[in-house]
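See below for the structure under consideration.
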Amino acid sequence: PLGEDACQATYKILIIGDASVGKTALLRTLISEPFQEKTRPTVALDFVRKSFEVDGAFVQLHLWDTAGQERFHSITKWHYRGTKGIMVVYDITDRETFHHLSYWIDSVNKDVAHINNRYEAVPLVIVGNKVDLCRDRRVKTREGQKLADKHMAFGFFETSAKTGENVIDAFQKLAYHVTDIC
Ligand code: GDP
Ligand code: MG
């Protein structure tokens, strides 16, 4: 049986989307840190590592939390170097964060392709977060799915960093699709 060290492959993933959609909360939930109701915007770029099993092998995702820069829409291209996948997050209770998704996807795809010198779309998973607040829902599931289809995303999930719903599944999907060789 394959152990945790059987595969050394690590894959860099960027988590992007507007401020306050829950990017940091999703990462915290993924690594089993307690959910925080009130958080301050992070100022620096941070990352977590997490191993996933894909077809019997362990692969490690190196998940970069883009924090703070989103306010200025100025993630520098340096951050994109080596990126193998993207998770784009919106807040189902905030339509504006949904409307900004295409902007995020197009600009990041362009820059990642440019810096990696590979002009193919980067594997993408779209996440509508805060589904526990569905009484305040402003974006229909169907709309999220439609956008995911339009951008040929490998996955679309509605998640809650608060309850944990679908969080592992969303990252697992990315792990699956970034690892064509391992
Ligand atoms: P970021 O700017 O995208 O990193 O967003 P944060 O992770 O800092 O979250 C912003 C705010 O939304 C915080 O007050 C979180 O507690 C809250 N939040 C994040 N995810 C969820 C969620 O799934 N459900 C609820 N109810 N609140 C959330
Ligand atoms: Mg954050």
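In this chain, residues are counted from 1 in sequence order. Counting starts at 1 for both ligands and their atoms, in listed order. On a predicted model such as this, the values are computed, not experimentally measured, just so you know.
- If you number the atoms of ligand 1 from 1 as listed, the ones under 4.0 Å from a heavy atom of K162 come out as 22 (C), 23 (O), 24 (N), 26 (N).
- Heavy-atom contacts of T39 reach the following atoms of ligand 1: 6 (P), 8 (O), 9 (O), 10 (C), 13 (C), 14 (O) (cutoff under 4.0 Å).
- For ligand 1, none of its N or O atoms has an N or O atom of L133 under 3.5 Å away.
- Residue A25 places at least one N or O, backbone or side chain, under 3.5 Å from an N or O of ligand 1.
- Take K146 and apply the side-chain contact (heavy atoms from CB on, under 4.5 Å) test, not counting sequence neighbours, and it matches no residue.
- If you chain together hydrophobic residues whose side chains sit under 4.5 Å apart, F35 and L30 never meet in one group.
- Atoms of ligand 1 lying under 4.0 Å from any heavy atom of V21, numbered from 1 in the order shown and given with element: 3 (O), 5 (O).
- The side-chain heavy atoms of I126 and Y90, taken from C-beta on, include a pair separated by under 4.5 Å.
- Residues that satisfy the ring-ring contact (aromatic ring centres under 6.0 Å, His included) test with H62, not counting sequence neighbours, are F47, W64.
- In terms of modelled atom types and a separation under 3.5 Å, the side chain of K23 and the main chain of G17 share a donor-acceptor contact.
- Summarising the local packing, CD1 of I168 is surrounded by 12 or fewer heavy atoms from other residues, nucleotides or ligands at distances under 6.0 Å.
- Because the distance cut-off is set at 2.8 Å, T39 fails to qualify as a neighbour of the Mg ion (ligand 2), as none of its N, O or S atoms comes that close.
- Remark: among candidates A19, A161, G22, the nearest residue to atom 23 (O) of ligand 1 is A161, based on non-hydrogen atoms.
- Taking every heavy atom of Q36 and a limit of under 4.0 angstrom, the matching atoms of ligand 1 come to 15 (C), 16 (O).
- Residue H177 holds its NE2 atom at 10.0 Å from CD of Q172, rounded to the nearest 0.5 Å.
- The ligand atoms of ligand 1 that sit less than 4.0 angstrom from a heavy atom of S20 are 1 (P), 2 (O), 3 (O), 5 (O), 10 (C), 12 (O).
- Using a 3.5 Å distance cut-off with no hydrogens or angles, the side chains of D65 and T24 do pair a donor with an acceptor.
- Listed by number with element, the atoms of ligand 1 under 4.0 Å from a non-hydrogen atom of K23 are 1 (P), 2 (O), 3 (O), 4 (O), 5 (O), 7 (O).
- In terms of N/O distances under 3.5 Å, ligand 1 is approached by K130.
- Listed by number with element, the atoms of ligand 1 under 4.0 Å from a non-hydrogen atom of D132 are 22 (C), 23 (O), 24 (N), 25 (C), 26 (N).
- Remark: ligand 1 atoms within the under-4.0 Å shell around heavy atoms of T24 are 4 (O), 7 (O).
- With contacts defined as side-chain heavy-atom distances shorter than 4.5 Å, the pair D106/H151 qualifies.
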